[in-house]
Amino acid sequence: TVTFDYTITDGDGDVSTATVTITLAVDSEPTIDVGGANSVDEAALSFGSNPASNGEFASGSFAITTGNDTIGSLVINGTDVTAGGIVAGAYGTLTVTLAGGLYSYSYELTTNTDGDATFDQFDVVVTDSDGDFEGDTLIIDIVDDVPTARDDAASPAEDTAVVIDVFANDTAGADGVDLAADVALG
């Protein structure tokens, strides 16, 4: 708050004093919310166990407020996407779109992962027009594809060798199966 007094004097010397009070709004700071849980399915990859699915995609929007300021920049993993753009993740690609002042994103899983508890992480930072900033983290969980072994049967004639391709009716999944090392008889 800033205050000051001023005085006016009329033509015959009468004086009047008043106070001016200026209350400045508190500096607004940006907020960002990247939304709830997102997940993609490794099985939906072209080499996964369910390639016809569109489960390799996830989408959402960023809820950004700046109060009395405007958005100065939006940066994800060090890449400026203020006007939209593409950010490479560890396992896929995040595409950011700006339309009508609103930011949305789509993620595409592009490769298989190393295990069950994998995810792509994107650090999102919004900076307002006077330099205040706020961050959030977008996590895309990745559901691991698994191999599926199916029962096999053979009924050979007596004294005949049994030859059966036990893998012929199985599904390897997105991670593949090494037939020399990853198949066990039990």
Side-chain angles (χ1 to χ4, degrees), residues 1-2 22-148 171-179 181-182:
T1 302
V2 175
I22 301 172
T23 303
L24 301 174
V26 175
D27 182 28
S28 56
E29 295 182 356
T31 64
I32 183 164
D33 182 1
V34 298
N38 285 283
S39 67
V40 292
D41 196 342
E42 192 181 55
L45 293 170
S46 62
F47 47 88
S49 62
N50 189 10
S53 165
N54 66 351
E56 74 272 28
F57 295 99
S59 61
S61 60
F62 301 131
I64 300 173
T65 63
T66 58
N68 297 322
D69 299 323
T70 59
I71 293 175
S73 68
L74 181 64
V75 176
I76 300 177
N77 287 3
T79 300
D80 188 334
V81 294
T82 307
I86 296 173
V87 180
Y91 302 104
T93 304
L94 185 71
T95 302
V96 177
T97 305
L98 173 61
L102 302 175
Y103 286 95
S104 61
Y105 66 86
S106 62
Y107 174 85
E108 180 182 5
L109 179 67
T110 57
T111 190
N112 60 322
T113 64
D114 298 341
D116 295 332
T118 55
F119 56 89
D120 239 342
Q121 176 175 321
F122 298 93
D123 296 321
V124 183
V125 178
V126 61
T127 303
D128 69 14
S129 54
D130 67 0
D132 300 317
F133 62 91
E134 182 65 25
D136 201 357
T137 302
L138 174 64
I139 301 288
I140 308 289
D141 290 314
I142 301 170
V143 178
D144 190 33
D145 194 10
V146 297
T148 303
T171 304
D175 299 319
V177 174
D178 180 349
L179 294 177
D182 295 335

Rounded distance (nearest 0.5 Å) linking atom CD1 of Ile140 with atom OG of Ser39
8.5 Å
Residue list, side-chain contact (heavy atoms from CB on, under 4.5 Å) with Asp41, at least two apart or on another chain
Ala43, Val143
Using side-chain heavy atoms (C-beta onward) and a distance below 4.5 Å, is Thr118 in contact with Asp144?
no
Nearest 0.5 Å, please: how far is CD in Glu134 from CD1 in Ile32?
8.5 Å
Is it the case that the side chains of Asp80 and Ser73 hold a donor-acceptor pair, with the cut-off being a distance below 3.5 Å and no angle test?
no
Looking at residues at least two apart in the chain, or sitting in another chain, which of them share a side-chain contact (heavy atoms from CB on, under 4.5 Å) with Ser46?
none
Run the numbers on Ile139 and Asp141 for side chain to side chain contact (heavy atoms under 4.5 Å, CB included), then give the verdict.
CA-CA 6 Å; Ile139 301 288; Asp141 290 314; 3.7 Å; yes
Should Asp128 and Thr70 count as side-chain neighbours, where that means a heavy-atom distance under 4.5 Å?
no
Is there side-chain contact between Thr1 and Ile22, with at least one heavy-atom pair below 4.5 Å?
no
For Thr127 and Phe133 the tightest heavy-atom approach is OG1-CB, 3.6 Å
Measuring from Leu98:CG to Leu74:CG, what's the distance to the nearest 0.5 Å?
9.0 Å
Partners of Gln121 by side chain to side chain donor-acceptor pair (under 3.5 Å), sequence neighbours excluded?
Asp123
For residues 84-103, which residue pairs pass the ring-ring contact (aromatic ring centres under 6.0 Å, His included) check, not counting sequence neighbours?
none
Sorted by chain and residue number, the side-chain contact (heavy atoms from CB on, under 4.5 Å) partners of Thr93 (sequence neighbours excluded) come out as Ile86, Thr95, Thr110
For the side chain of Asp120 and the backbone of Ala90, is there at least one donor-acceptor N/O pair under 3.5 Å apart?
yes
Please list, one pair per line, the donor and acceptor atoms closer than 3.5 Å that link side chains of residues 57-68 to other protein atoms, with sequence neighbours excluded.
| from | atom 1 | to | atom 2 | distance (Å) |
| --- | --- | --- | --- | --- |
| Thr65 | OG1 | Thr31 | OG1 | 2.3 |
| Thr66 | OG1 | Asp69 | O | 2.7 |

Examine distances only and state if a side-chain atom of Glu42 and a backbone atom of Thr113 form a donor-acceptor pair shorter than 3.5 Å.
yes
State, to 0.1 Å, how close Ser53 and Gly55 come at their nearest heavy-atom pair, and which atoms those are.
OG-N, 2.9 Å
Out of Val87, Val34, Asn38, which one pairs with Tyr105 under the side chain to side chain contact (heavy atoms under 4.5 Å, CB included) rule?
Asn38
Please report the interatomic distance CD1(Ile142) to CG(Asp145), rounded to the nearest 0.5 Å.
12.5 Å
